[in-house]
Student: 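Here it is, the structure in full.
The structure presented is a predicted model; accordingly, all values stated were derived computationally and were not measured.
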Amino acid sequence: MALVTSKEMFQKAYDGGYAIGAFNVNNMEIIQGITEAAKEVSAPLILQVSAGARKYANHTYLVKLVEAALIETDLPICLHLDHGDSFELCKSCIDGGFTSVMIDGSHHSFEDNIELTKKVVDYAHERGVVVEGELGRLAGIEDDVNVSEEDASYTRPSEVEEFVTRTGVDSLAIAIGTSHGAYKFKPGQKPQLRFDILKEVEERLPNFPIVLHGASSVIPEFVDMINANGGNMPDAIGIPEEMLREAAKSAVCKINIDSDLRLAMTGSIRKYMAENPAHFDPRQYLTPARAAIKELVKNKLINVLGCDGKA
Ligand code: G3H
Ligand code: 13P
Ligand code: ZN
């Protein structure tokens with residue numbers, strides 16, 4: 001099967017009350033762990049590549065690794081640019097085989113966001129590629145840029161129809177209280193999402209796919225594994241899985257997960273190295289790391305996103 005866009009996946013997810021997992025990929029083991037899990041439970045997938053991933057692993061290596069996963073799994077897989085910040089970056093990914101791009105103009109003014117997003121949409125649609133836009137601004141860390149809580153802002157529902165109509169985007173990322181990274185809430189703070197904003201957006205945009213970024217749950221098991229083996233991240237807190245399950249039943253069709261993969265991989269490697277201090281063959285510690293990613297993703301697909309059996 002060739003790479004697909006997210007169009008059909010989103011329509012089925014919207015109608016079926018579940019969400020597609022969009023997992024960030026940076027190397028072979030991460031791609032293998034995610035795609036092996038999806039194959040086992042027969043789930044469609046979005047594999048997403050950030051500018052940082054492209055810088056780390058190289059565009060061609062990542063595309064070829066994803067193509068290998070297509071051959072191995074025969075699943076519907078969409079290859080997506082995560083947080084594209086310029087027309088040139090989006091163009092390079094569209095020209096280079098991606099089937100979906102995000103243009104993240106959320107830090108621009110409303111008018112500038114529309115202008116930039118529309119330029120990407122026009123280029124992408126002529127080439128059969130779909131586009132995700134963003135309105136509202138998440139807190140947290142993206143590509144080493146730290147967006148403080150003061151600079152973050154919820155999506156204004158009153159703006160969504162105009163944004164979607166004028167840009168022609170295929171999906172819209174909104175800010176309802178999720179954030180990037182492993183420190184989403186302060187210690188003692190009760191995790192909360194603005195489901196009222198999501199509901200209003202849903203009413204204003206009938207049959208339109210919504211995207212949630214910053215949706216890692218920061219699984220305590222992996223944080224504990226890191227802390228028990230020389231790490232120090234005691235205050236890491238994520239989005240409770242039951243909130244994501246609730247969101248997946250609504251117009252939210254794509255849920256982005258990266259930090260949980262990082263924590264699973266790092267927790268597993270730290271544990272392995274602590275137990276086997278004399279080992280130095282990367283295959284030895286990357287084997288359990290890949291297995292940890294696979295288990296994590298399988299659980300997300302079945303118990304959080306509800307997209308198992310939907311490939
Ligand atoms: O939202 C950001 C993603 O977690 C990607 O992170 O830019 O460090 O690759 P990155
Ligand atoms: P997390 O940091 O919560 O995994 O969010 C990932 C993300 O939104 C990628 O775009
Ligand atoms: Zn994101």
Student: Tell me whether the rings of His59 and Phe98 are parallel (<30°), tilted (30 to 60°) or perpendicular (>60°).
Tutor: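 Geometry flag for Phe98 against His59: parallel rings.
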Student: So that I can tick it off, tell me whether Lys119 and Glu115 are bridged by a salt bridge, with the cut-off set at under 4.0 angstrom between side-chain N and carboxylate O.
Tutor: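 Result for this pair is no, no salt bridge flagged.
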Student: In terms of ring plane angle, is the pair His180 and His213 parallel, tilted or perpendicular, where the classes change at 30° and 60°?
Tutor: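 Correct class here is perpendicular.
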Student: Does the side chain of Asp170 come within less than 4.5 Å of Lys7's, by heavy atoms?
Tutor: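 The answer is yes; the side chains approach within 4.5 Å.
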Student: If you count the non-hydrogen atoms of other residues, nucleotides and ligands that lie under 6.0 Å from NZ in Lys271, is the total more than 12?
Tutor: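 Incorrect, the count does not exceed 12.
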Student: Would you kindly say whether Asp85 and His107 are connected by a side-chain donor-acceptor distance under 3.5 Å?
Tutor: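 There is no such pair between these side chains.
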Student: Starting at CG of Leu263, measure out to OG of Ser268 and round the result to the nearest 0.5 Å.
Tutor: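 Between Leu263 CG and Ser268 OG, I get 12.0 Å after rounding to 0.5 Å.
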Student: Check this for me: Tyr56, atom OH, are more than 12 non-hydrogen atoms of other residues, nucleotides or ligands nearer than 6.0 Å?
Tutor: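 Incorrect, the count does not exceed 12.
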Student: May I ask you to decide if the ring planes of Phe110 and Phe163 are parallel, tilted or perpendicular, using 30° and 60° as cut-offs?
Tutor: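 Ring orientation of Phe110 relative to Phe163: tilted.
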Student: Please tell me if the side chains of Lys12 and Tyr18 come closer than 4.5 Å, counting only heavy atoms from C-beta onward.
Tutor: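 Touching, per the 4.5 Å side-chain cut-off.
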Student: Give a yes or no on this: more than 12 heavy atoms of other residues, nucleotides or ligands lie within 6.0 Å of atom CD of Glu8.
Tutor: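 Check fails, neighbour count at 12 or below.
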Student: Considering residues, nucleotides and ligands other than Glu72, do more than 12 of their heavy atoms fall under 6.0 Å from its CD?
Tutor: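 Open: at most 12 neighbouring heavy atoms sit under 6.0 Å from CD of Glu72.
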Student: Tell me if the CZ atom of Arg194 is crowded by more than 12 foreign heavy atoms within 6.0 Å.
Tutor: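 Counting neighbours around CZ of Arg194, more than 12 heavy atoms of other residues, nucleotides or ligands fall under 6.0 Å, so yes.
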Student: Are the charged groups of Glu162 and Arg204 less than 4.0 angstrom apart, N to O?
Tutor: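 Salt bridge between Glu162 and Arg204, a charged N being under 4.0 Å from a carboxylate O: no.
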Student: I'd like to know if the side chain of Arg54 pairs up with that of Ser92 as donor and acceptor (distance under 3.5 Å, no hydrogens or angles considered).
Tutor: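 A pair is found: one side chain offers a donor N or O, the other an acceptor, under 3.5 Å apart.
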Student: Are Leu47 and Thr35 close enough that some pair of their side-chain heavy atoms sits under 4.5 Å apart?
Tutor: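 Contact flag for Leu47/Thr35 side chains = yes.
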Student: I need the minimum non-hydrogen distance between Arg137 and Ser106, along with the two atoms involved.
Tutor: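 That closest heavy-atom pairing would be CD-O, 4.0 Å.
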Student: Given the rule in the side chain to side chain contact (heavy atoms under 4.5 Å, CB included) test, do Val4 and Met9 qualify, once you have shown the distances and angles that lead to the verdict?
Tutor: CA-CA 9 Å; Val4 297; Met9 288 182 196; 3.6 Å; yes
Student: Going by distance alone, is a donor N or O of one side chain under 3.5 Å from an acceptor N or O of the other, for Glu295 and Asn299?
Tutor: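 There is no such pair between these side chains.
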Student: Any heavy-atom pair between the side chains of Lys184 and Ile239 that's under 4.5 Å?
Tutor: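 Answer yes - side chains close enough.
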Student: Just checking Arg127: does its CZ atom have more than 12 heavy atoms from other residues, nucleotides or ligands closer to it than 6.0 angstrom?
Tutor: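 Above 12, so yes.
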Student: Can a donor-acceptor pair be found between the side chains of Asn113 and His108 at a distance below 3.5 Å?
Tutor: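 Short answer, no.
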Student: When you compare the side chain of Val49 with that of Val25, does any pair of heavy atoms fall below 4.5 Å?
Tutor: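 They are in side-chain contact.
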Student: Checking side chain to side chain contact (heavy atoms under 4.5 Å, CB included) for the pair Ile30/Met265: CA distance, chi angles, key distance, verdict?
Tutor: CA-CA 8 Å; Ile30 296 174; Met265 189 161 205; 3.8 Å; yes
Student: Salt bridge or not between Lys64 and Glu67? Use side-chain N to carboxylate O under 4.0 Å.
Tutor: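 Looking at Lys64 and Glu67, the cut-off is met.
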